Protein chains: 2
Amino acid sequence: MPPAHPTAPEKFALALRTLRQHQQRVTAPRRAVLSVLTRRHGPFTADEIHRRISKGVCDIVTVYRCLTTMEEINLVRRCDFGDGSYRYEFNTGEHHHHHIICRVCHRVKTLEFCVAETLERMARKMGYANVTHTLEIFGVCGGCSRAAGVRG
Amino acid sequence: MPPAHPTAPEKFALALRTLRQHQQRVTAPRRAVLSVLTRRHGPFTADEIHRRISKGVCDIVTVYRCLTTMEEINLVRRCDFGDGSYRYEFNTGEHHHHHIICRVCHRVKTLEFCVAETLERMARKMGYANVTHTLEIFGVCGGCSRAAGVRG
DNA sequence: ATATGTGCAAATTCTTTGCATTAGA
DNA sequence: TCTAATGCAAAGAATTTGCACATAT
């Protein structure tokens, strides 16, 4: 069986395969987007991804289109931290997880733990099909708390 | 002690009192917004609220400003279903709750139950202060499933 | 060869802001 | 009275769309 945490190149190769399996073409912009997303987990906004791509490879519009396509085939997951823009992360399919977002420095930590199965089960009992959920935790991280404490 | 589920007029009266307590003026647009939000739990988008207000009472911009003010004094809660617009609901302060949103008809049910305390506790242990969370459940409700089933 | 993907410009959608005017307290 | 709230117009930000051109298969 594959290692629990595939390396970036492994994820990248897997992603290209997944594209082809879904009759999607492997283009330079798609490679670039996937390269960013497999190297660091993110999640990143479309703009952040675009800025991490070598200048001139593609337009921000193309980044959006790549991400939409990739979300449709479950290669990426779209997250919403409620701050006005969506974020995208590579979907390894390994484990469902959530984020803790610092309200001050906006750094994101991943929580490899989910507590919402109970709620999903409840929703299914209520007659819902195709149940999913979003769950994000917000707070002020230790560093930012200390920084604020020192100042005032 | 007050009843567990105050009536709409009770909520409305309470809301006006809360406004005054916070040195906020009681104006026609604010009454109109609160009237909508206390009559039905929602949550509603700014546009939905505006359309439910008698024509000519106020501009959509004013609805946004009312909602912002009301959120600041905790009279309303802002929800984000990740579909491009925020939704607002009256905050009775009674109990924290979540929503189940049908992906097809977009009808919202309230889940008077929260499972995320565990996660918040975990975040606090990780050194985060001022911890909150967002949690929404999505699915296809029974009615919509049946409708889809009948057709195809 | 040909359908799919991309660039550029422009449109859309949601939300916020500036400023003169109106109206609560 | 006098500050806070509103209307209107316009700005902003994020995302999507239209269409001609480029390119992966």
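In the text below, chain A, chain B and the rest are named by the order of the sequence lines, each starting its count at 1. Everything numeric in this text was worked out from a predicted model, so none of it was measured.
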If a pair satisfies side-chain hydrogen bond (donor to acceptor under 3.5 Å, both in side chains) and one of its residues is in [range], list it, with sequence neighbours excluded.
range	answer
residues 54-67 of chain A	none
residues 21-30 of chain B	B:Gln24-B:Arg30
residues 31-43 of chain B	B:Ser35-B:Arg39, B:His41-B:Glu89, B:His41-B:His97

Check the distance between C:dC14's P and B:Ile49's CD1 and give it to me in whole angstrom. 14 Å

Taken to the nearest whole Å, CG/B:Asp59 to C1'/C:dT21 is 14 Å

Among pairs that include at least one residue of residues 108-123 of chain B, which meet salt bridge (charged side-chain N to carboxylate O under 4.0 Å, His left out), considering only residues two or more places apart or in two chains? B:Glu120-B:Arg124

Between the first and last five pairs of the helix from C:dA1-D:dT25 to C:dA25-D:dT1, the angle of the axes, rounded to 10 degrees: 40°

Checking A:Asp80 against A:Thr134 for the side-chain contact (heavy atoms from CB on, under 4.5 Å) test, could you report, in this order, the C-alpha distance in whole Å, the side-chain angles of both residues, the deciding distance, and whether it holds? CA-CA 8 Å; A:Asp80 184 355; A:Thr134 69; over 6 Å; no

What is the nucleic acid contact for A:Gln24, judged by heavy atoms within less than 4.0 Å: base, sugar-phosphate only, or nothing? sugar-phosphate

Assign A:Val57 to base, sugar-phosphate, or nothing according to its heavy-atom contacts below 4.0 angstrom with the strands shown. sugar-phosphate

Connected hydrophobic set around A:Leu14, excluding itself, where side chains approach under 4.5 Å: none

Give me the other members of the hydrophobic cluster that B:Val104 sits in, counting Ile, Leu, Val, Met, Phe, Trp and Tyr linked by side-chain heavy atoms under 4.5 Å, directly or via other members. B:Val140

Report each atom pair, protein N/O against N/O of nucleotides 16-20 of chain C, whose distance is under 3.5 angstrom.
unit_1: C:dG18; atom_1: O6; unit_2: B:Arg65; atom_2: NH1; d: 3.3

Check ring pair (Phe, Tyr, Trp, His ring centres under 6.0 Å) between B:His96 and all other residues, then give those that pass, not counting sequence neighbours. B:His98, B:His133

Who passes ring pair (Phe, Tyr, Trp, His ring centres under 6.0 Å) against B:Phe81, sequence neighbours left out? B:His99

Has the side chain of A:His50 got a donor or acceptor atom that lies under 3.5 Å from a matching backbone atom of A:Cys58? yes

With no hydrogens and no angle check, is any side-chain donor or acceptor of A:Tyr86 less than 3.5 Å from a backbone partner on B:Gly82? yes

Just verifying a value: how many Å separate B:His106 NE2 and B:Phe138 CZ, rounded to the nearest 0.5 Å? 9.5 Å

Which ones in residues 27-44 of chain B lie close to DNA chain C, meaning a heavy atom under 4.0 Å from one of its atoms? none

Show the nearest heavy-atom pair for residues B:Glu48 and B:Thr45, with the distance to one decimal. OE1-N, 2.8 Å

5' priority, DNA chain C, between B:Thr45 and B:Arg25 [closest heavy atom]: B:Thr45

Identify, between B:Arg20 and B:Gly84, the residue whose nearest nucleotide on DNA chain C lies closer to the 5' end. B:Gly84

Segment of DNA chain D, first to last nucleotide, that comes within the 4.0 Å heavy-atom reach of chain B: D:dT3 to D:dA9

